[in-house]
There are 2 protein chains.
Amino acid sequence: MKTTVNRYPECDYKGKTRALNDAMELLQGKWKVLIITVLCCRGRKRFTELQQEVEGISAKMLTRELQVLELNQLVQRTVCSTKPVTVQYEITPYGKTLEKIVLQLMDWGLGHRRRIMSATLSVSSLPDSSSLCVQPGS
Amino acid sequence: MKTTVNRYPECDYKGKTRALNDAMELLQGKWKVLIITVLCCRGRKRFTELQQEVEGISAKMLTRELQVLELNQLVQRTVCSTKPVTVQYEITPYGKTLEKIVLQLMDWGLGHRRRIMSATLSVSSLPDSSSLCVQPGS
DNA sequence: CTGTATCCCACTCGATACTG
DNA sequence: CAGTATCGAGTGGGATACAG
């Protein structure tokens with residue numbers, strides 16, 4: 001029983017894992033993909049609107065995450081010099097290139113919840129837990 | 001200048017963001033997607049082999065992450081009762097359903113690194129930094 | 001070989017109060 | 001309205017030593 005199969009031999013292995021790390025690091029954290037999704041699917045939003053649509057996020061976190069996304073060119077921030085200033089956030093065309101992947105992740109997550117729920121149902125019922133990733137502790 | 005576009009109206013918005021959270025939570029952390037990638041692209045591996053291929057991971061982390069992946073049915077663990085026991089880890093057919101998404105993320109990350117590098121090059125050169133996500137501090 | 005157990009630091013994130 | 005500042009709890013993850 002041999003273990004090393006290596007269907008895809010070397011082919012710049014280091015560069016590829018680094019690329020994966022880059023992508024994951026950028027999307028890491030509790031909020032960034034959600035913000036991206038909202039901006040992708042619901043269009044341009046003001047700060048407060050965003051905070052309402054991304055359920056549970058604090059102003060501090062929203063600010064910080066938006067800064068990262070803007071620095072990485074996924075989101076554009078526009079200040080409107082209205083009476084009290086308002087700020088518009090929108091996804092950039094470049095940010096849009098992530099939409100397809102995020103939507104796939106969403107679909108996968110839908111199926112995963114079904115799968116884990118039915119696998120766990122016999123033991124204990126997770127009614128509507130907002131998170132279901134099975135952890136060693138459980 | 002109206003902000004609410006709502007190209008995709010309601011359509012179970014809560015359920016979808018929850019699904020996205022499920023997926024992201026499962027993949028969260030420094031190592032899980034890397035482990036998945038290695039098992040997908042390089043085939044069945046023993047514990048020590050995995051630790052060598054996932055560069056920099058400690059035994060503790062590798063154990064913990066593999067447990068989560070196994071509990072979520074992405075990875076199968078098989079103990080071989082050899083002289084000193086050996087353990088085989090392999091991706092499950094279900095885990096394979098993530099491969100497509102992960103490979104897309106990898107591609108995206110490749111492009112992103114190029115983009116950020118060239119955008120930042122004029123200011124400071126990031127030679128071969130293992131991570132490049134642009135952060136507010138920089 | 002394949003893990004576990006501990007210790008520990010840094011960082012994430014929430015809560016709250018404050019500002020232009 | 002759109003943030004910033006500060007504090008503090010909890011956690012992710014590294015280092016090291018130990019175990020079956």
Side-chain angles (χ1 to χ4, degrees), chain A residues 1-4 21 24-35 38-39 44-71 75-90 130-131 133 135-138, chain B residues 1-4 21 24-35 38-39 44-71 75-90 130-131 133 135-138:
Chain A
M1 197 169 173
K2 190 76 171 58
T3 59
T4 46
N21 272 326
M24 284 307 292
E25 186 184 349
L26 174 54
L27 300 182
Q28 206 72 266
K30 205 169 164 181
W31 301 113
K32 275 175 292 232
V33 286
L34 283 181
I35 296 172
V38 168
L39 289 178
R44 180 193 301 124
K45 291 288 172 191
R46 301 222 317 272
F47 185 85
T48 316
E49 290 176 327
L50 257 181
Q51 194 174 0
Q52 287 157 5
E53 304 229 17
V54 181
E55 190 154 31
I57 196 172
S58 68
K60 179 180 111 179
M61 276 302 122
L62 185 53
T63 307
R64 182 184 299 177
E65 304 294 55
L66 282 170
Q67 283 170 355
V68 175
L69 295 177
E70 191 194 2
L71 282 169
V75 162
Q76 179 175 5
R77 178 176 181 274
T78 316
V79 181
C80 308
S81 309
T82 48
K83 207 36 167 348
V85 290
T86 61
V87 182
Q88 309 271 350
Y89 291 94
E90 60 192 312
S130 58
S131 121
C133 176
Q135 304 279 0
S138 48
Chain B
M1 193 171 178
K2 190 75 172 60
T3 57
T4 45
N21 272 325
M24 284 307 291
E25 186 184 349
L26 174 54
L27 272 1
Q28 207 71 266
K30 205 170 166 180
W31 303 112
K32 274 174 292 232
V33 286
L34 283 181
I35 296 173
V38 169
L39 288 179
R44 180 192 303 123
K45 291 287 172 193
R46 299 225 318 273
F47 186 85
T48 317
E49 291 175 328
L50 257 180
Q51 194 174 359
Q52 286 156 5
E53 305 229 18
V54 181
E55 190 153 32
I57 196 170
S58 67
K60 178 181 108 178
M61 276 301 123
L62 185 53
T63 306
R64 182 186 298 181
E65 305 293 56
L66 282 170
Q67 283 169 354
V68 175
L69 295 178
E70 191 194 1
L71 282 169
V75 163
Q76 179 173 4
R77 176 175 183 273
T78 316
V79 181
C80 308
S81 309
T82 49
K83 214 19 175 354
V85 292
T86 61
V87 182
Q88 310 271 349
Y89 291 94
E90 60 190 314
S130 58
S131 124
C133 176
Q135 305 278 0
S138 48

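Taking the side chain of B:T63 as heavy atoms from C-beta on, and the options C:dT4, D:dG13, C:dG14, the nearest nucleotide is C:dT4. Comparing C:dT2, D:dG3, D:dG14 by their nearest atom to the side chain of B:F47 picks out C:dT2. Of the listed nucleotides (D:dG3, D:dA2, C:dG3), C:dG3 has the atom at the smallest distance from the side chain of B:V87. Nearest to the side chain of A:T86, among C:dC13, C:dG3, D:dA2, sits D:dA2. Listed nucleotides D:dA15, C:dT2, D:dC1 differ in distance to B:T48; the shortest reach to its side chain belongs to C:dT2. Comparing C:dT4, D:dT4, C:dC13 by their closest approach to the side chain of A:A59 singles out D:dT4. Considering only the side chain of B:R46, C:dC1 comes nearest among C:dG3, C:dC1, D:dG14. The side chain of A:K60 sits closest to D:dC7 out of D:dC7, D:dC1, D:dG13.
When the P atom of C:dC1 is taken as reference, atom NZ of B:K83 falls 14 Å away, rounded to whole Å. Across the protein-nucleic acid pair, B:Q51 atom CD and C:dT4 atom C1' stand 14 Å apart, rounded to whole Å. As a whole-Å value, the separation of B:Q88 CD from C:dT2 P is 9 Å. The distance from atom CD of A:E65 to atom P of D:dG3 is 14 Å, rounded to the nearest whole Å. Going from atom CG of A:L62 over to atom P of C:dT16 covers 18 Å, rounded to whole Å. Atom CD in A:Q135 sits about 12 Å away from atom C1' in D:dT11, given to the nearest Å. Rounded to a whole Å, the CE atom of B:M61 is 13 Å from the C1' atom of C:dT6. The distance from atom CD1 of A:I57 to atom P of C:dT12 is 14 Å, rounded to the nearest whole Å.
Residue A:K30 is in sugar-phosphate contact alone, with no base atom involved, counting any heavy-atom pair closer than 4.0 Å across all strands shown. Nucleic acid contact for B:Q67: sugar-phosphate only, since backbone atoms but no base atoms lie under 4.0 Å from a heavy atom of the residue.
Not one side-chain nitrogen or oxygen of B:R64 sits closer than 4.0 Å to the OP1 or OP2 atom of C:dT2. Under 4.0 angstrom from either OP1 or OP2 of C:dC1 there lies no side-chain N or O belonging to B:Y89.
Shown are B:E55, B:M61, B:K60; of these, the side chain to side chain contact (heavy atoms under 4.5 Å, CB included) with B:I57 is made only by B:M61. Under the side chain to side chain donor-acceptor pair (under 3.5 Å) test applied with B:K45, the options B:Q88, B:Q51, B:E53, B:Q52 reduce to a single match, B:E53.
Within the 4.5 Å cutoff, no side-chain heavy atoms of A:T48 are placed close to those of A:T86. Using a 4.5 Å heavy-atom cutoff, the side chains of B:R77 and B:V79 are in contact. Using a 4.5 Å heavy-atom cutoff, the side chains of B:I35 and B:Y89 are not in contact. You'll find the side chain of A:K32 stays beyond 4.5 Å of the side chain of B:M24, heavy atoms only. Counting heavy atoms from C-beta on, the side chains of A:L39 and A:L69 never come closer than 4.5 Å.
Rounded to 10°, the helix from C:dC1-D:dG20 to C:dG20-D:dC1 has 50° between the axis fitted to its first five pairs and the one fitted to its last five.
Between B:W31 and B:V54, the shortest heavy-atom contact is CE3-CG1, 3.6 Å.
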